[in-house]
Amino acid sequence: MEDPEAALFEHTFVKEWQELLTLQTRILADAQVDGSGNNTVSDSEALAKEAYSDSEALAKEDTAGRGFRTIISYYTEQPQLLDPHLPALFETFSAYMVNEITKAVQEGEPVIANPYAYRCLYTLITVRGYKKTVNLLPNDPELLTPCLALLNRHLAASDSNGLWEVEYVLFLWLSLLVQAPFSLSSIDTDASHDTPLGDRLLALGLRQHSTGELMSLIDWVVVRLTRHETEPSLSLVACLDVVNAVLKIGQRDVLLPVSDRIPIGVLTPLLKSKNATIRKYTARLAQRLGLLYVKPRPVTWAYSRGARSLAANLSRLKDTKDKTQSKGTAQEGERGRETGDKGKNAVSVLPGLPPVTTGGLGALASLSESDIDDLIGFDVPEAFDQCVEALLVSLCDTDIVVRQTSAKGLGRVMARLPRVFAKEVLDAVLSIFSPAETPAAWHGACLSLAEMARRGLILPDALPDAMPPILEALTFSRREGHKETGAYVRDAGAYCVWAFSRAYSPQDMQPYVEALGAALVSVSCFDREVNCRRAANAAYQECVGRLGTLPHGIEVIQLADFLSLGLKREAFTRIAPGIAALGDQAYLVPLVSHLLDHSVVSWDSAIRRLAAKVGV
């Protein structure tokens, strides 16, 4: 006997459960008559046939379906409350669907008898999520052929009539049925087709909409984007999401004529929206349009590290002191010659780094034959420049998700450009590293450099320009009243070092390894934020493993592990003195310099007290 208390508890969270069951019964009935004898639900089959000939017939939906969908929409914020009741609801809908597809295939009827049942099922799926509900649909392999036949007949008969919920449910159901662990030929029950079942499924998957339909969709979206001042935020997000999805999966030769209907000028006002999601999707739209304007091409000029050997990297740890001294003498002589050649245009930005020319980051180098070959036939519309400009503006956005989207998009677009134009984009990103820029702009520029490095888009000859701002980002801090901002910039700076150490060979990174290692060790020990200490330590471990030229790299990793760096007191009073005392005290001077320049004068009194207790 069923426990009444358990039954009461089971249905507590869905108070409208009995009403849902009643409405579901009414939806699946052909006709319902109330107690007074008046028809409350129109004949669903007649309405469906009318819908195929008139798209406005869907407005005549029965009150039962509208009520069912309204109740289900109440649980959008907490859809898990529906979980105990989903099997019962889906069992009834599934039995109706199985009966309908069997009847439709046997009688050759191309019309869905009750489209409103599919609309209610669609609401259930969208509220709870298709991943949670798809397994509740029938999975009998024998239903694959009837479901495919019904879907094909529906697509042929319902051309632009608004019954897209039926297509959604049937496609989702078909995605479950095709996973049957049997040969498709063994479950093909439709003898009227000469085409194999697999080929019919492939043809259905490759079905494309006409260019006219695509243009109508783009025009509909553009109208709403142009009136962004009065359009609701949710509507703008949906429109941008639709355009991004179309530009992502569509073929370039089909989308290129359609792209002219999207005004590039709409990007600028949308990037100023107060809604971060709108700004994020706008940056993604700029990326998609930029990729559409530039034809895919192999990046022949990109940097390639080549073969990588961990054993070879570890072997470089031997005799590090002698190698560093000998190379330091040779580098001093080379810098002297370089300074003599370049005269006033060569200055040393940070100790231990090669000089950087100050004649302007945007100056173009002399074109080589390979550069000329890349430029031949390369032609893009003027709108492409506006897309790149929109991405550069989004790098300085106040929201982190917008900056991440822009950094990835800029890297993807840059990978399709010739080397000369890619260098201009890199120079534009490097120009963001200015004292006048906000911490958010520095963070976006660091993310962009990391994405470029991961794709090999920063050539070794550009490393002297890229390394100084990265080193400065590792200790970035801005005072704002009684607090400071910039922790996320330091974290992004550590991510940059991590990306560069993975992307470049030890030979190319050799001039910068010593300065990077010293900065990473200082941040690992003395940074205020635990995520920055651990990020710097992870970047240092990557440098030791990939580059293999840091002094006492293994010993430092053993002292500064992930758990011990979680406590500031442990990092200040035990780890830092231990690292400073290693071997020839290679890290003593950088640690003391960081302590005096940043920790002792920190706005946080706790950091100042810990800095006073450091016994290096």
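Owing to the predicted nature of the structure, the values given are computational and were not obtained by experimental measurement.
Closest approach of Gln585 to Ala580, counting heavy atoms only: CG-O, 3.3 Å. Annotation for Ala571 and Ser524: closest pair CB-O, 4.4 Å, computed over non-hydrogen atoms. Ala276 approaches Val402 most closely through the heavy-atom pair O-CG2, 3.7 Å. The minimum heavy-atom distance linking Asn244 with Leu285 is given by the pair OD1-CA, 3.1 Å. Here the closest non-hydrogen pair linking Phe500 and Ala466 is CZ-CB, 4.4 Å. The nearest pair of heavy atoms linking Asp83 to Lys132 is OD2-CE, 3.9 Å.
Distance check, rounded to the nearest 0.5 Å: NZ of Lys568 to SG of Cys525 gives 14.5 Å. Distance check: Cys396 SG to Ile432 CD1 gives 4.5 Å after rounding to the nearest 0.5 Å. Atoms CD and CG, from Glu424 and Asp385 in turn, are 9.0 Å apart once rounded to the nearest 0.5 Å. If you take OH on Tyr512 and CG on Asp508, they are separated by 8.5 Å, rounding to the nearest 0.5 Å. In this structure, the separation between OG on Ser406 and CD on Gln287 is 9.0 Å, given to the nearest 0.5 Å. Between atom OG1 of residue Thr405 and atom CG of residue Leu447 there is a gap of 10.5 Å, rounded to the nearest 0.5 Å.
Of the possible donor and acceptor atoms, none in the side chain of Ser564 sits under 3.5 Å from a partner among the backbone N and O of Ala560. With Arg533 contributing its side chain and Leu565 its backbone, the two residues share a donor-acceptor pair below 3.5 Å. Checking side-chain atoms of Arg288 against main-chain N and O of Leu247 turns up no donor-acceptor pair under 3.5 Å. Without hydrogens or angle criteria, Trp301 side chain to Leu417 main chain gives a donor-acceptor distance under 3.5 Å. Without hydrogens or angle criteria, Ser448 side chain to Ala445 main chain gives no donor-acceptor distance under 3.5 Å. Panel note: side chain Arg279, backbone Leu270; no donor-acceptor pair is recorded below 3.5 Å. Not a single donor-acceptor pair under 3.5 Å links the side chain of Asn537 to the backbone N or O of Ile557.
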Give the intermediate values and the outcome of side-chain contact (heavy atoms from CB on, under 4.5 Å) for residues Leu459 and Arg419. CA-CA 9 Å; Leu459 298 180; Arg419 188 189 70 87; 3.5 Å; yes

Would you please test Leu457 and Val299 for side-chain contact (heavy atoms from CB on, under 4.5 Å) and show each step? CA-CA 9 Å; Leu457 303 178; Val299 192; 4.3 Å; yes

Could you please spell out the steps behind the side-chain contact (heavy atoms from CB on, under 4.5 Å) verdict for Leu267 and Glu389? CA-CA 10 Å; Leu267 297 179; Glu389 183 180 357; over 6 Å; no

Walk me through it: do Leu582 and Leu559 pass the test side-chain contact (heavy atoms from CB on, under 4.5 Å)? CA-CA 10 Å; Leu582 286 175; Leu559 278 172; 4.2 Å; yes

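The side-chain contact (heavy atoms from CB on, under 4.5 Å) check on Ser501 picks up Glu542, Cys543, Leu547, with sequence neighbours excluded. In terms of the side-chain contact (heavy atoms from CB on, under 4.5 Å) criterion, residue partners of Ala462 (sequence neighbours excluded) are, by chain and number, Leu426, Ile458. Residues passing the ring pair (Phe, Tyr, Trp, His ring centres under 6.0 Å) test with Tyr293: none are found, sequence neighbours excluded.
Within the 4.5 Å cutoff, the side chain of Phe384 has no heavy atoms near those of the Leu289 side chain. Considering only heavy atoms from C-beta on, Arg502 stays 4.5 Å or farther from Arg454 through its side chain. Inter-residue side-chain proximity for Leu255 and Gln251 is flagged as unmet; no heavy-atom pair is nearer than 4.5 Å. Residues Val523 and Tyr540 fail the side-chain proximity criterion, which asks for heavy atoms closer than 4.5 Å. Inter-residue side-chain proximity for Leu449 and Leu430 is flagged as met; some heavy-atom pair is nearer than 4.5 Å. Side-chain contact between Pro296 and Arg416 is present, with heavy atoms from C-beta onward closer than 4.5 Å. Side-chain atoms of Met467 and Leu516, non-hydrogen and from C-beta on, do get closer than 4.5 Å to each other. Counting only heavy atoms from C-beta outward, the side chains of Gln80 and Arg128 approach each other to under 4.5 Å.
Using a 4.0 Å cut-off between charged nitrogen and carboxylate oxygen, Asp399 and Arg403 do not count as a salt-bridge pair. Salt bridge Arg455/Glu451: present, at least one basic N to carboxylate O contact under 4.0 Å.
Among Ile278, Val266, Thr282, the single residue meeting the side-chain contact (heavy atoms from CB on, under 4.5 Å) criterion with Leu271 is Thr282. Tested against Arg490, the residues Glu484, Glu529, Glu472 include a single salt bridge (charged side-chain N to carboxylate O under 4.0 Å, His left out) partner, Glu484.
The ring-ring contact (aromatic ring centres under 6.0 Å, His included) pairs that include a residue from residues 439-460 are Phe433-Trp442, Trp442-Phe476, His443-Tyr488, where partners are two or more places apart or lie in different chains. For residues 589-612, the set of pairs meeting the side-chain hydrogen bond (donor to acceptor under 3.5 Å, both in side chains) definition, not counting sequence neighbours, comprises Arg528-Asp604.
Counting non-hydrogen atoms of neighbouring residues, nucleotides and ligands closer than 6.0 angstrom, the CZ atom of Arg569 reaches no more than 12 such neighbours.
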Report all side-chain donor-acceptor pairs from residues 233-241 shorter than 3.5 Å, counting only partners two or more places apart or in another chain.
residue : atom : partner : partner atom : Å
Ser235  : OG   : Glu231  : OE2          : 2.7

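Judged by distance alone, the side chains of Asp397 and Ser394 never bring a donor and an acceptor atom under 3.5 Å apart.
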